[in-house]
Amino acid sequence: MKFIAYILIFAALFINSLESLGAQEKEVIRVGLSNSNFSTFEYSNAAIITSAQSTIHVMDSGAQIKDIPANTEINATYKNNEFFITINNKELVKNAKGPIVIVSNGKLGIKNLNRKGNPAYYRGMIELKAAYPENRGKFNIINVLDAQSYLKGVVPNEMPVSFGLNALKAQAVAARNYANRPQNVYKNYDICDSTACQVYYGANSENPLSDKAVEETQGIFALYNKEPILALYSSTGGGITEDYEQVYGTGNIFGNSKPYLKSVKDNNSLKIPKTEEELKEFYSNNIPSFDIKSPKHRWKVTFDRFELEETLSKTLYEQSLKGLVYPAFGVNDRVFGIEDIRASKRGESGKALEVEIRAASGVWYVRKELGIRRVFKKGKSILWSGNFVVEKINPKPEENIEDNSKNPDKILTEKVSEKEEFKQTKDTKTSENTSLDTTKAEDKTVLENKKAENKDGETIFSFSKKEKIEQTKEQNANEPKIEAAKENEKHKKIYKNALGIPLPEAFTFIGAGFGHGVGMSQYGAGYLSAQGVDYSEILKHYYSGITLGTMPIAVSYNNYNQDYTLNIYFDGKKGQNKGFFPASISSNPLKEELTELYNASNAPAKYVLNINNEKKPAELEFYVNDFHFTPDMKGFYGKILKMDITKYLKKGKNTIRFTPLKAADKEKTVIFWIEIEK
């Protein structure tokens, strides 16, 4: 274990040198660890708990403190931009610039840090490093570990293990893609451990089935034009996923067009709803789709008008500060007398991308899928998705409503009594607890994995919020502050518009899905996994035009005599006869779609080694496991050399290793990668 840890130190400190040798897939991941409520990644002191014999490395001086026994508390304090380390009240390190690296033969814990109700323990090593920018008296706690161990601490926290092995494999590939994406947000680490990135809870959250999913997808990425895709996913697509550009536009933090993130429907016979009437019909019925077992496959949320007006008076201001409301909504503006709410722009799936709010006090437009969901907040929870239509609930004719029709220019107002409470309608109470076709076993799993809701109160897999993009945009500390005067001001009540027409009593949002709805639907993945569909076909269904394979590795001459290696898992399957599928598919309303995916899952796969020969080196030398190849490249004039290596693979982990180019080819580079073809 200590030998592995020293390798991690080497990799962490000299990662730039390794990358210059062409190692593009991250073999080591640096994870920034947040506190228990995920509100900060910066510390002025911390205590590290050892579970086995450990060593402290003071990197600026080269000093080491060895043979620290198990169950020792290592206390780190940061004062005047220097580290002080004490053990049992004895100061062992002082005035160190750092970083401080703690290596253990076992796992390392962080005192008073809990994850999923358990003390947080981590594999690999713990690094304490001055927070960026420096000279602020704070430091980051960074868990440095191998990529596979990192993913084992991610996958069971991003998807319930009850969803099955192939769904977990699809999630593992998506998580691997995400961990290897380029980023310039964090300076001291590659990725964070919270919902702002992808949820990483460390060693104590690992599960044998999700561990297997990580191991059996080792080295495998979802690729488009040989580049790892941005593998976005959300809990529930509602039967139709949305186009990336419709939700995020261009020029956002993830870049421009993503041709693999197109709107995809589960049901081939479904006519995409376009009109408001068609959308209401679609959202009101359980149309067969792969995520039909999600509790949020279909839903309803009802807002009392006065409740909604108070909510919008706050949320429109919050989202206006983000530039998502026009005209701008000021801190002293109010919403009263709502007449209508409608989607003024929709995406490919019917998702609302712009919403018009028309009221006596003004007309406002809310842009962007997430901005819309955050505006229509119910308690702590934002709206489940942007896939909705709005139905007005008008007062009954016989109700006695104060008449202002004789004076249409005057808007009747009155103060809301301080004692008045909002009484929630039956529709709201029942709709928020609706669970369509969800088994008791699944309900039990959700309860067993329950975690505290995030700031927006948005969870469906009870232990983890699922929307990656939603969570990157705001932290508690950045919430806009509403002035006390606005909080305490009494809300205006009006019952009729200026023409004397009664205003709606309430608005019901009839919707489908949970989350941004772009890319993989996790409930859909779970459903397909239960039907025997392989993870590769799950990914190909939700990500258009992708292939599976490894990231490219560049081979060149180097003075280190450093080989260029990739590891890939091979399941050993040679394919099965088409047409034989589980009995459950025969009676499924999506039989045609499932049969196609199931047959594709069981088709033979070829593992093809691709070698880019554009620079035409004189000779290449490489190994596929124990098979040695030294092709003379002079007689090969094509740009890409393709070699089927399936017969050289064994079930389990396989290694492909290229030796450095010869000195005669110092100025040349060769790139190799593996594609899995079906």
What donor-acceptor contacts under 3.5 angstrom involve side-chain atoms of residues 671-678, with partners at least two apart or in another chain?
| unit_1 | atom_1 | unit_2 | atom_2 | d |
| --- | --- | --- | --- | --- |
| Trp673 | NE1 | Glu675 | OE2 | 3.2 |
| Lys678 | NZ | Ala600 | O | 3.1 |
| Lys678 | NZ | Ser601 | O | 3.2 |

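Taken to the nearest 0.5 Å, the NE2 atom of His541 stands 8.5 Å off from the OG atom of Ser521. To the nearest 0.5 Å, the span separating NZ on Lys111 from CD1 on Ile49 amounts to 6.0 Å.
A side-chain hydrogen bond (donor to acceptor under 3.5 Å, both in side chains) with Ser34 is found for exactly one of Asp193, Thr40, Asn140, namely Asp193. Each of Thr630, Ile611, Val555 was compared with Phe622 under the side chain to side chain contact (heavy atoms under 4.5 Å, CB included) criterion, and only Ile611 meets it.
Separation of the Tyr78 and Tyr43 ring centroids does not fall under the 6.0 Å cut-off. Remark: aromatic rings of Phe629 and Tyr648 are close, center separation under 6.0 Å.
For the residue pair Asn204 / Asn118, no side-chain donor-acceptor distance below 3.5 Å is found, with atom types taken as modelled. Side-chain contact annotation: Ser36 with Asn114, donor-acceptor N/O pair under 3.5 Å absent.
The closest donor-acceptor contact from the side chain of Asn166 to the backbone of Ala170 lies at 3.5 Å or more, if one exists at all.
Salt bridge annotation for Glu215-Lys152: present, with a cationic side-chain nitrogen under 4.0 angstrom from a carboxylate oxygen. A salt bridge links Asp563 with Arg657: the closest approach of a Lys/Arg side-chain nitrogen to an acidic carboxylate oxygen falls below 4.0 angstrom. In summary, Glu216 and Lys653 do not engage in a salt bridge, as defined by a charged side-chain N under 4.0 Å from a carboxylate O.
For residues 106-136, the set of pairs meeting the ring pair (Phe, Tyr, Trp, His ring centres under 6.0 Å) definition, not counting sequence neighbours, comprises Tyr122-Tyr200.
In this structure, Ala196 and Tyr178 approach most closely via the heavy-atom pair O-OH, 3.9 Å.
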Practice task
Given salt bridge (charged side-chain N to carboxylate O under 4.0 Å, His left out), test Lys662 with Glu621 step by step and report yes or no.
Solution key: CA-CA 10 Å; Lys662 303 299 186 286; Glu621 183 177 7; 3.7 Å; yes

